[in-house]
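Both ligands and their constituent atoms are indexed starting at 1 by order of listing.
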Amino acid sequence: MRSKIVAGNWKMNKNLAQTETLLSELAAKLPDTDAEVMVAPAYVNLVGAVHSLEDSKIEVIAQNMHFAESGAYTGEISADMLLDIGIDTAIIGHSERRAYFGETDEVLAKKVVTALDKNIRVLFCFGEELEDRKSGNHFKVVESQLKNALFSLEASAWSKIVLAYEPVWAIGTGETASPEQAQEMHAFIRKTIGDAYNSAIANGISILYGGSVKPGNAKEIFSKPDVDGGLIGGASLVADDFVAIIKAI
Ligand SMILES: O=C[C@H](O)COP(=O)(O)O
């Protein structure tokens, strides 16, 4: 039985005081759920967040990490630095990292290998652009993103991977993939993994949907059989909205 997961990616939002307020609101309002709940605050607030949530079921995760062990990479954070502050899950491959920081499939493949070597769980993001969807290339694009970054991994590595399908055209736009579009793509992703590896891996992997998930549409999206939860941006910045989304799973 694969895990249900709701993760909030706070991106470059919330100062220290706002982060503390949101964390304590979430800890107080967290509904009883079997789903794993995660939040990814900004780097400068991670240590505080880990301390604030010590007694909570909410896991603090990182928005990014570097592939190198250490060295001259100004502004970057290593896997060991995350482990050192008690964080063992990192988002890798978010479309904003790909678009604004030039992270290619090749770079992402290196990050995934480093994370897994360090026993860090990877929440791997991928998804097509609007023009890919319009031209009907979306399945090909998604397949090549998966293949280039993940399909050199050994089968045993997949127990430490969670996938997040995020069509770029639905991120922060208010435009959501329909539940049917999400289901169609998630089923395709599962089949692609099954063909490359085996059905046990394909059926065991959690595939989250991300892109304008809100309290009003979460239930319908999460009701689809191949959608195992969500990676939530904007709506995770408001405690009541994020809690409503957690309740929807
Ligand atoms: O990481 C989260 C995704 O980019 C979705 O963001 P959004 O919910 O604001 O569309």
* Between the candidates G234, G172, G233, which shows the shortest non-hydrogen contact distance to atom 10 (O) of ligand 1? -> G172
* Give a yes or no on whether the backbone of F151 and the side-chain of Y197 come within a donor-acceptor separation of less than 3.5 Å. =>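 Side chain of Y197 to backbone of F151: a pair is present.
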* Is the backbone of G194 close enough, under 3.5 Å, to the side chain of N198 for a donor and an acceptor to pair up by distance? ->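 Here the side-chain-to-backbone pair does not exist.
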* Would you tell me whether H94 and E103 have side-chain atoms, one donor and one acceptor, within less than 3.5 Å of each other? => no
* Go through the side-chain N and O atoms of E128 and W169 and say whether any donor and acceptor fall under 3.5 Å apart. =>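 Yes, side-chain donor-acceptor contact under 3.5 Å.
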Numbering the atoms of ligand 1 from 1, which are under 4.0 Å from a heavy atom of [X]?
X: E166; result: 1 (O), 2 (C), 3 (C), 4 (O), 5 (C)
X: K11; result: 1 (O), 2 (C), 3 (C), 4 (O), 6 (O)
X: A170; result: 10 (O)
X: L231; result: 1 (O), 2 (C), 5 (C)
X: G211; result: 5 (C), 10 (O)

* To do: Return a yes/no value for N9: is any of its N or O atoms, backbone included, closer than 3.5 angstrom to an N or O of ligand 1?
  =>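 Yes: some nitrogen or oxygen of N9 is under 3.5 Å from one in ligand 1.
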* Asked: Do any nitrogen or oxygen atoms of T173 lie less than 3.5 angstrom from nitrogen or oxygen atoms of ligand 1?
  -> no
* Asked: With ILVMFWY side chains joined below 4.5 Å, transitively, what does L231's cluster contain besides itself?
  -> I5, M38, I61, I91, L123, V162, L208
* **Single-linkage hydrophobic cluster V47~L82, side-chain heavy atoms < 4.5 angstrom** =>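 Result: yes, single cluster for both.
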* To do: Side-chain contact test, heavy atoms from C-beta onward, threshold under 4.5 Å: evaluate it for K111 versus N64 and give yes or no.
  => yes
* Sub-4.0 Å heavy-atom contact, C125 with ligand 1 ->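 Distance cut 4.0 Å: C125 fails for ligand 1.
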* To do: For ligand 1, note which part of I171 has a heavy atom under 4.0 Å away: side chain, backbone, both or neither.
  =>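 Under 4.0 Å from ligand 1, I171 contributes backbone and side-chain atoms.
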